Amino acid sequence: MMHLEVAVAAPVTETFTYSFSGEHGSLQPGIRLLVPLGKRQVTGYLLAIHLAAPTEYKIKPVTEILDQEPLFPASIIPFFRWISRYYRYPLGEVIKHALPGGLTSQSGKKIYLTAEGSNALPQFLEEYKGTAPTWIAQLLHKGSLTPAAVRKIKTPKWKKQLEKWQAEGLISIEDLISSGQTKAKTEICISVNTPLSSTELSTLKPSEKKTFLLLTELQQTSLADVPRKELVHIYPGAAKAVINLEGKGIVSFSTRQIFRDPFGEQPPHFEKPVTLTEEQQAVMSHLSPFLHRKEFATFLLHGVTGSGKTEVYLRAAEEVCRRGRAVLILVPEIALATQMEGHFFSRFGQDNVAVLHSGLSTGERYDQWCEIAQGKTQIVIGARSAIFAPLKDPGLIIVDEEHDGSYKQDDSLRYQARDLAVLRGSQQKCTVILGSATPSLTSFYHATKGKYQLLSLHKRVADRPQPEVTIVDLKKTKPIAGLPPLFSPLLLEAITSNLEQNNQSLIFLNRRGYANLLLCSDCGNPVQCRHCRVSLTLHKEKKTLICHHCGHTAKSAILCPHCRSHHIKEIGFGTERIEAELHQRFPTATIARLDRDTAGSRSSFLKILKAVHNREIDILIGTQMITKGHHFPHVTLVGIIWADAGLGIPDFKAGERTFQLISQVTGRAGRGEKPGKVIIQTHQPDHYAITCARQHDYLSFYHKERQLRKMLRFPPYSRLINIRFSGESEENVNQAAQLISRQITRLSVSSAVTVLGPVASPLSKLRGRYRWQLLLQAHRYQDLHAVCDSLAQAPPALIRSGKVKMSVDVDPENML
DNA sequence: AGCACGCCGACT
DNA sequence: GTCGGCGTGCTC
Ligand SMILES: [Zn+2]
Ligand SMILES: [Zn+2]
C-alpha cells in the first residue's frame, strides 16, 4: 500500500494524500490521477509517492490513473511549489495553468430521456407555461443533455426534480468521466512502394492505374508522402483504388502529424555567420565557462537593437546542447511567429526545435508538450507560458526582450515569466540570459548590484549608424481648428520625400480605432461602455463602437444615452484615423495598417509583414505590434505620432514603458543599407523618457528613473503587492477594501509595511464589476506575505460570501 | 470551486 | 409544521 501526495485542481491550499494499492511500478510523479474530492471526482497531479504511514485524517483510494507517461518531470515540482507560495495561488491550479489546455478531466452526468419521459414531459412543460428552464425543452427535443448542460443546472429545486424524474423512470442519469484527453492531429498519407513497369501497369484497373500515376507524379513534385485527402480531392475515384493498391502491396499507408503552416511556406533560413564581432566574441568568452558548468548564473545581455544578440543566444544554445542539456527560449508573444523561430530552425533543424505558440490547436500543443516531456525535443521556444515547459534538465534559459510587458500574466495566476526564468535557473542549476536593448529597471539594478552579470553589445552589426532622431514639439505646431494637427509639417515633408525616393515609412501610434472619445455636443456627456467606466472607441471600418477593455460592441449609429441627441463629436484618434488621413494626403501611396484589428490572427499578421518585406507597402501604420523583433530593411523613416501618450497613465512604470517603446520604435529605422531617420512628435519634448530615447542613452534614463523610484520607494527599492477588490456593488467593494485596509494597519505593528490606499482603481468599473485596490509596500517581500497570510486566516464576511472578490497581485506591473 | 449542512423566514 | 433561501465550512 502506497500513499500518494496529490495536488488537486481545486482552490485548496494543501496537497492531499490518497492511497494506492495496485501495481505501483507504473506510478511516477507528474502523472494525472482521478481522485475523489468530497462527493465529486477531480483531476489530481501526482507529486510524490510514500510508504503508507498512519494519519490523523481518513485516506481515500485513487479512483483511476490517467496517464502512463508523466506530463512533467519530478525536477519541476519544487518550481510549482514555489510559484504556489509566492503568487499565492493553489498548487493544483498552478499545475493546471502550466499544463497545456484540454487535459483536466471532470466528472459529469449525462441525462437521457426514457420513453415514459418523452410522454410525460410535454405535459409538464405545458403546466409550467413559459417559466420552465430552457434545458427541459432541450432535453425533450434532443432526448439527452450533455454534461456541460447538466452542470449548468444549479438550483436545488430543479436538481430535486431531476432526482424525482429518475426515481419515476422518466429519465436515466449516466455518470461519466470526460477524459479531457486531447489527441494528436494526424492525416493518412500514401506512398508508392516500388515503381511499376508498363506491363505491370497494364494489369491494373483503369481507376487504379490513374491513381497510381497521379500518386507518382504528386510524390515527385512534393518529395513527400501524399495526403489521402489531397489525392481524393483531385481524383475522387482514388478513394477506393488506393485500398486495392495497398492490398496488392503497391502502395502503403502511413499517418503523419499535420503540420499547419499559416503560409504554407517555410520560415526564412539564416546562415550561420562565419565570424563574430569583437564584442560578441568577448561576450561569448565570458559566458562559455558558465555554460559548461552545472551551476546557476544569471546574465543581463544589454545589446542595442541590431547588435547581434540573437547570434549570442544561438552560440550559447549550441554549447549547452553539445553538453546534452536542454535550452528554453522565451520571446514576447507577438514576436513569436517570426525571426527567432527561423534562426533556431536554421541552426538546429526544424525537428529539433519545439515551438509553443498560440496558433497551435489543443491537439498540436499537447503533442509538442509530450515530445518535450519525453525528452525528444531539447530546444523549446515559446511565449510567457513556455516557462513551464516540461524539460527535465534545462541548461540554459533565454529571455529575449526581457523588459517586455507580456511576460507578466495579468489575470488569475499573476506570474512574471522573466522572474520565474531566474528562479527556475537557480532551482535547476542552469545559466539564465536576459536580453534587451532597454532592460527593465529592476534587471539593470540587479546587474549593477552584482546579482546578475552584465554583458554589453554597444555596436550595431556592420557598424550601421544609429538613426537620426528629431523631436517635434506639438505645443508649438500650428493648430488646426484649435487642436494640434496629427502630423507636423516636418513629418509630412519627410513622408513625401520618402515616397519620392521609393523608401518605406513606418508610422507608430499605440492606440487602435478611429476616435477614442465620443462626446455629445448637446449635453456634453461621453458615450461609455455599458459594462465599464470607459469611453467607447469608434471603429469606422467595422461601423461599430468597441470597448477596448471588455470587448463590448455597439452599433455606431448612435444616440447620446443621456439626451438622445444625434450630434456626437468624434474626439481623439487612433491608428484607423491616422490611416484615413494619410490616405487623403497621399492618395497614390499604398498604405497598410498593422494592429489587432487588421492582424488579429497569426496568418493575417504574417501576411502584412510579408507585404512590407516585399516592398508592396509604402507606409505602414501600427501599434506596438510593429515593434517586436521584425526587421524592415527598407524602412528609412519612422514617425511617432504621440510619444507621450503613455506618460499620463497613473502607474510607476509609465516612464519606463514610454522609454522602452520609443527606443524600440526608433530602432526600426535604418536596419538595412540605407540610413534611418526618426521623427518623434510629443507634447512633452523635455521629458527624460523622450530625450533619453532620442539620444539612444539607456544609462542616463536608468539613472534618472532610478532616483525617482528611490525617492518614491518603488521597485527596485521596495516590493509591492496590490490587493484588488471587485464586485457588483460599488458600496460592498469599497467597504471590503476599507475593512481590509484597517485590518492590515492593525496587524502590521512594525512599520515594515506601508499601506497605500485603498483607492478606486483607475479603471473603476470593468465588465460590470466595480473595482478598488490597496497597494502594500515593503522592503522585504516576506513582510508583505506575512500580512497576506494573516488576511487569509480571517477574511471578512463580504469576501467569504463571494460578494466581493479579493485577489492578490504580487509584483504588480499594471495598476489600472 | 462544488457540495452539504444548518439555520431562519414564509408558505401550505 | 416543511420548503427553500443563503451563510459557513470542508474537501485527503
Ligand atoms: Zn447628450
Ligand atoms: Zn467595456
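Quick caveat: nothing in here was measured; it's all calculated off a predicted structure.
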From CD1 of Ile799(A) across to P of dT8(C) the rounded distance in Å is 13 Å
Expected rows: protein N/O vs nucleotides 5-9 of chain B N/O, under 3.5 Å:
none

Q | Salt bridge flag under 4.0 Å for residues Arg414(A) and Asp811(A) | A | no
Arg800(A) atom CZ is separated from dG7(C) atom P, nearest whole Å, by 11 Å
In Asp809(A), Leu420(A), Val808(A), Val94(A), the residue satisfying side chain to side chain contact (heavy atoms under 4.5 Å, CB included) with Tyr87(A) is Leu420(A)
Would you call the rings of Trp82(A) and Tyr86(A) parallel, tilted or perpendicular, taking 30° and 60° as the class edges? parallel
Exercise for the section: Please check if atom CZ in Arg800(A) has more than 12 non-hydrogen atoms from other residues, nucleotides or ligands closer than 6.0 Å. Expected result: yes
For atom NZ of Lys60(A), is the number of surrounding heavy atoms from other residues, nucleotides or ligands below 6.0 Å larger than 12?
yes
Task: Arg384(A) with Asp410(A): basic N within carboxylate O range, under 4.0 Å - done: no
Count the heavy atoms of every other residue, nucleotide or ligand shown that sit under 6.0 Å from NE2 of His141(A), and state whether that count exceeds 12.
-> no
Shorter than 3.5 Å, N or O on both sides, protein versus nucleotides 10-12 of chain C: list them out with atom names.
unit_1  : atom_1 : unit_2   : atom_2 : d
dT11(C) : O3'    : Gly38(A) : N      : 3.1
dC12(C) : OP1    : Pro36(A) : O      : 3.1
dC12(C) : OP2    : Lys60(A) : NZ     : 2.2
dC12(C) : O3'    : Thr17(A) : O      : 2.5
dC12(C) : O3'    : Lys60(A) : N      : 2.9
dC12(C) : O2     : Thr17(A) : N      : 3.0

Quiz item: Side-chain donor-acceptor pair under 3.5 Å between Arg767(A) and His549(A), yes or no?
Solution: no
To the nearest angstrom, the CD-C1' distance between Gln41(A) and dG2(B) comes to 13 Å
